[in-house]
Structures are given as structure tokens and as C-alpha cells.
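The structure under discussion appears below in the form of C-alpha cells.
All heavy atoms count here, side chains included; hydrogens, waters and symmetry mates do not. Both ligands and their constituent atoms are indexed starting at 1 by order of listing.
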Amino acid sequence: MSTIGHHDFRMPGAVRFGVNALLTLPDEIKHRPATKLALISDKGVEGAGLVQKVIELLQPLSIPMVVFTEIKGEPTFNLLESTVRMLQQEGCDLVVGIGGGSAMDVAKTTAALLDKADLAAYLSGVSVIESRTIPCILLPTTSGTGAEVTMNAIFGDEEQELKRGLVSPALLPDVAIIDPLLTLTCPAKVTAASGVDAFTHAIESYIAVRSTLMTRMYAEKAMKIFPQHITRAVHHGGNLEARIGMSLVSNLAGVSLANAGVGAVHALAYPLGGKYHIEHGVANALLMPYVFEVTGRACTEQMVQVAKLLQLGDFDKQPYEALDAVVQYMYRLLDELDLPTSLKQLGVDEASLPVLAEQASKVERLLSNTPYNLTYEKIVGIYKKAYSGQ
Ligand SMILES: NC(=O)c1ccc[n+]([C@@H]2O[C@H](COP(=O)([O-])OP(=O)(O)OC[C@H]3O[C@@H](n4cnc5c(N)ncnc54)[C@H](O)[C@@H]3O)[C@@H](O)[C@H]2O)c1
């Protein structure tokens, strides 16, 4: 955990948070010279009426618009590439992404790649995306991935059955507009998985090797307000107060994730997404207690703080008991939010666990950010336990 030296802290050009913040979108577009706008989303968000809402809001601007709602959950590099090619042909010069992490990841990466000729070098990770010349505005409809404020975008590599992240400050949007009203229609299952995903971002970035005083401030606040809102947001989706709370959790955790990175939970979740197409939030939520049971041993002091933030008790005098309280809380979350509790339940083949562990042990970017040396054997052990369930 770095407490000396220097570090960058990056955010989008503007982060606008609040009920009805969506209504400011036309002004943002007016201030940016654009001849053709690309509106990127998916069928679920379109079905909830949110794409139409944006179209109607932008109609008075009379800017030609390409509406593309073919984004699939857990998007692949192939989908990203075809989206970039399509918008290049259309001559779009401003991108608006509305949706969960899937639509936002495609939207922001498309905006960053739209003026690039050699896509393959960027998609393979050989070339880092250094700049973006086309404006990009993101509006999250889940709470969430925090993708509206992160420098990452995650895609599935179909050939290698892997998920891989692209990382660059060019993936930060010009404006992130977080309007909790956009999350009111988010289905309970997605609210649960993406909500616990946000908590995973907070706790993993909190203990991250690259965490700083500033990132920990964001992570701490996210963890403190998470328990007050998650259950109501899932079981009473129309409750605006809970939706506002979870929008805030997601955004704060996203800022912390963007600047400190995440760790082993994500490293072990990636292969589950790549091979079995298990949703990112579901995989993270399920793996979190199993991973923390092991890695949390290296962060006793932080676990005491986390237990306090989650109002699980004061463990100052018995610091080694804090980890168990935190892990039990993580298990309870799975039950209370009706999330899967074992890999078996998700259709994972037990025989594939060693291969998954091999893939996870190669996610060096995230494992090196975890303050615990997770060997291949330990990773197999975690997958085995998660396979059977607690
Ligand atoms: N870039 C990052 O920093 C980052 C961080 C975490 C996860 N991710 C990525 O984000 C993706 C997951 O995103 P997600 O969990 O937000 O889910 P998602 O974007 O895949 O959406 C899940 C489903 O919920 C529906 N939906 C979303 N909002 C809705 C709404 N308001 N009303 C009705 N339906 C709605 C969508 O149509 C979709 O069917 C994964 O690909 C993951 O790898 C990215």
C-alpha cells in the first residue's frame, strides 16, 4: 500500500451525479462540435424505454444519429471491432453510451478507437490507446461497474476463451452522467450482481497494493453506505432512495477501482467469464468470500476497518476475528440477494478447475495488486471450495 512517493488520480472531465441529471445531456452535446452522433446501448436498456427517452431528449438538437443497440452482455473483442468499423463507416464523431458496464465498455472503447486505422494492435494489447479525439459521454443504468469513471474496458476473447482488459486514460469519458432514475428499471438479478460487484471494487481496491490515501477515502465511503441500500435496491427496485444510494456506491467504488485497481477476486472471475460466460458481477460475488478467506489473512488491520465500516462490530481488541466477520457477511449477501452460492450451480465442470486456475494465475496485473502471494495451488483450492459451495 503506497503511502509515500507520488501518484496520479484520474477522473473523467466531469462527473455529474443526481436525480434528473440525464436532462443535462443535450447541453453537453451542444457544447461539442459533432456532425453525427452514435448512441450505443443494448436491447434490455432499450426495452426499458431508456434509449427512446434519450432519442426524444436529443431530437430538438437535430443532429443526425446512429442508434446501435446490439451490444451483448459481457461483450467480446469481435463485437467491439464490428462496432468500431460500423461507426467509422457511418462517420460518427461523438459517442453516447447508455447502459451497464457492457454497453459503456463498448461505447468508450469505440470512441477511443474510432480515429485509429490499425485496430488489431490495440485490441491485442500490443499498442496502448494513447489518446481519444472523439467526445464520449457515458450514462450508467446499473449500479454497478463504475465503468463510467474507470480507465478499463473488459472484453471476451472468444478464440482463447478468456476475458481481457484494455487499460488507458483515453478510456475515461469527457462526462459521466449518473442519474439514479436510469437504474429504477434494472432487474433484481442484475441489481444484485452488479451491486455486489461494486462492493467487490470497493473492498479489493481498499486493500490493493496500489491503493493510496485518496482511493481509500472513496472505497471507505462506498463500503459504509453499501449495507444501507443493497437489500432494498434488490428486493424493492422502485425505491428511489435505495437506487440513489447504490448509484453513489457504484460511482465511489468505481473511482477507487480506477485509481487503485482491483485484485485476486477479479483475476479468478475472468476465466469464469471467458470459458463459461458467467456474468462478471455473479462471478465476483460468488468468489469474493472464498478468495478473501485466504487473501484477507494478509490484511488484518484493513479487515478491522472494513468490519467497522460494515457495522459488523469493533475488533480492535481481537483483530484476527475481523476477517471471519467480513467473510461471513459476504456469504450472507449471497443468500439475502438470491445470488448463486456454488460454481457447480453455475454449470462449471469440476474437471476444468485446474485449467481455470492456470488462466487465473496468468492475470499478473491483478494478482500483483493483491497483498498476498496466491500460488497456483492456492487458486485451485479456492476454486474447489467455491465449486462445492460453503
Ligand atoms: N470498465 C470497467 O471498469 C468494468 C468494471 C466492472 C465490470 N465491467 C464489465 O461490465 C460488464 C457487466 O456490466 P453490468 O453488470 O453493468 O451488466 P450489463 O451491462 O451486462 O447489463 C446486464 C443486463 O441488464 C440489463 N439492464 C441494465 N440496466 C438496465 C436498466 N436500467 N433497466 C433494464 N435493464 C437493464 C441489460 O440490458 C443487460 O441485459 C461486464 O462485461 C464486465 O466485464 C467493466
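Y320 belongs to no multi-residue hydrophobic cluster, having no ILVMFWY side-chain contact under 4.5 Å with any other such residue. V106 belongs to a hydrophobic cluster with I40, V66, F68, I71, F77, L79, L80, V84, M86, L87, V95, L113, L114, L119, Y122, L123, I129, I134, F155, L166, L171, counting contacts under 4.5 Å between side-chain heavy atoms of Ile, Leu, Val, Met, Phe, Trp and Tyr, direct or through other members.
We find that R16 and E28 are joined by a salt bridge, their nearest charged nitrogen and carboxylate oxygen being less than 4.0 Å apart.
Minimum heavy-atom separation, T145 to H201: O-CE1, 3.2 Å.
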Distance-only criterion, 3.5 Å: show the donor-acceptor pairs between side-chain atoms of residues 270-280 and protein atoms not counting sequence neighbours.
unit_1	atom_1	unit_2	atom_2	d
Y270	OH	R365	NH2	3.4
Y276	OH	D349	N	3.2
Y276	OH	S352	OG	2.7
H280	NE2	D197	OD1	3.2
H280	NE2	D197	OD2	3.4
H280	NE2	N284	ND2	3.1

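A donor-acceptor pair is defined here as one N or O able to donate and one able to accept, closer than 3.5 Å; such a pair exists between the side chain of E204 and the backbone of A264.
For ligand 1, the protein residues placed under 4.0 Å by at least one non-hydrogen atom are D42, G44, V45, A48, L50, G73, E74, P75, G100, G101, S102, D105, K108, T141, T142, T145, A147, T150, N152, A153, I154, K163, L182, T185, C186, P187, V190, S194, D197, H201, H280.
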